[in-house]
Novice: 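One structure is given below, represented as structure tokens, and several questions about it will come after.
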Amino acid sequence: AQSVTQPDIHITVSEGASLELRCNYSYGATPYLFWYVQSPGQGLQLLLKYFSGDTLVQGIKGFEAEFKRSQSSFNLRKPSVHWSDAAEYFCAVARMYSGGGADGLTFGKGTHLIIQP
Amino acid sequence: GAGVSQSPRYKVAKRGQDVALRCDPISGHVSLFWYQQALGQGPEFLTYFQNEAQLDKSGLPSDRFFAERPEGSVSTLKIQRTQKEDSAVYLCASSSSGRNYGYTFGSGTRLTVV
């Protein structure tokens, strides 16, 4: 079974500083990988996803992530954070089907991002 | 519709009461998923439908939990004899197929059992 580890429960970053959130996954084949953001009381918003091809994927709100198969990682980055980026961030993996599509997502426990003024 | 719609947005139930949570997926989305998110945790998979067929219910925590999607569109998650540990946000997601595969989540139903 697949699993996702987000090693950092909380991260505090100064506004304007760069950000990297770590994600490691365990899966025997090429996975579908996702990053979601969740603000308090809100649902999950997709930031970006990786299926295949270019290992550096661009997402919304200036986020990007890099798939590194050798390290089983899919870390999320942003060059300069804004106060509005404060939220909970979830990495997730799904098992690909050969005909397209995938089954349910397995989520990490999340990283809580705090922005200092 | 434009997005995944869940109702009610909030539900307070007395312990032992039955509840029904509704999910209206994006029109045309074949796959539908239910997740449970406890406070301070990541979402946990409950069950998965492809059209009206329930292909995976391995995540349902007990036989008090039951989900259905009789016409392959709207889905209902039912919890019988609610317990305090059932308090959580219940998220529904639907997905398309093909090259642009992705999951769209609803805003969730926050269930509080008192």
Side-chain angles (χ1 to χ4, degrees), chain A residues 1-10 21 23-25 30-54 57 59-60 87-114, chain B residues 2-7 9-10 23-26 28-51 53-60 67 75 88-110 112:
Chain A
Q2 57 264 39
S3 66
V4 176
T5 301
Q6 293 180 248
D8 303 305
I9 298 174
H10 300 279
L21 301 182
C23 172
N24 292 97
Y25 68 91
T30 302
Y32 281 162
L33 291 161
F34 303 80
W35 274 100
Y36 285 88
V37 61
Q38 187 176 40
S39 297
Q42 301 299 310
L44 293 161
Q45 182 183 22
L46 178 67
L47 288 176
L48 46 79
K49 59 188 178 185
Y50 171 78
F51 292 166
S52 64
D54 193 349
V57 293
I60 63 171
E88 193 79 19
Y89 289 80
F90 293 98
C91 181
V93 64
R95 182 174 52 188
M96 294 172 65
Y97 295 149
S98 59
D103 62 3
L105 290 165
T106 299
F107 286 86
K109 292 187 181 301
T111 297
H112 185 62
L113 177 63
I114 300 165
Chain B
V4 177
S5 178
Q6 291 188 246
S7 62
R9 188 76 176 88
Y10 302 93
C23 173
D24 203 337
I26 292 174
H29 277 194
V30 168
S31 300
L32 184 147
F33 305 84
W34 283 98
Y35 296 84
Q36 180 191 58
Q37 186 176 21
L39 190 64
Q41 301 295 314
E44 297 271 352
F45 171 80
L46 292 177
T47 187
Y48 159 45
F49 289 87
Q50 191 168 71
N51 296 305
Q54 190 174 18
L55 299 187
D56 187 350
K57 54 182 181 179
S58 61
L60 296 176
S75 176
V89 175
Y90 290 85
L91 295 166
C92 176
S94 67
S95 68
S96 56
S97 59
R99 293 178 59 84
N100 292 319
Y101 192 86
Y103 304 82
T104 302
F105 282 83
S107 297
T109 294
R110 180 177 296 277
T112 304

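First the proteins, then the strands, lettered A, B, ... as listed; each starts at 1.
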Novice: Report yes if some heavy atom in the side chain of B:Phe45 is under 4.5 Å from a heavy atom in the side chain of A:Phe107; otherwise report no.
Specialist: no
Novice: If you count heavy-atom pairs under 4.5 Å between each of A:Glu88, A:Gln45, A:Lys109 and chain B, which one has the most?
Specialist: A:Lys109
Novice: Counting only heavy atoms not in B:Glu44, do more than 12 sit closer than 6.0 Å to its CD atom?
Specialist: no
Novice: Check the surroundings of atom CD1 in A:Ile60: do more than 12 heavy atoms from other residues, nucleotides or ligands lie under 6.0 Å from it?
Specialist: yes
Novice: Could I get the full list of salt bridge (Lys or Arg N to Asp or Glu O under 4.0 Å) partners for B:Asp56, not counting sequence neighbours?
Specialist: none
Novice: Looking at chain B, which one of A:Leu44, A:Leu105, A:Val4, A:Ile9 has the largest number of heavy-atom pairs inside 4.5 Å, strictly under?
Specialist: A:Leu105
Novice: Show every side chain to side chain donor-acceptor pair (under 3.5 Å) that has at least one partner inside residues 34-44 of chain A, sequence neighbours left out.
Specialist: A:Gln38-B:Gln37
Novice: Show the nearest heavy-atom pair for residues A:Ala94 and B:Tyr103, with the distance to one decimal.
Specialist: CB-OH, 3.3 Å
Novice: Which residue out of B:Pro43, B:Ser107, B:Ala93 racks up the most heavy-atom pairs below 4.5 Å with chain A?
Specialist: B:Pro43
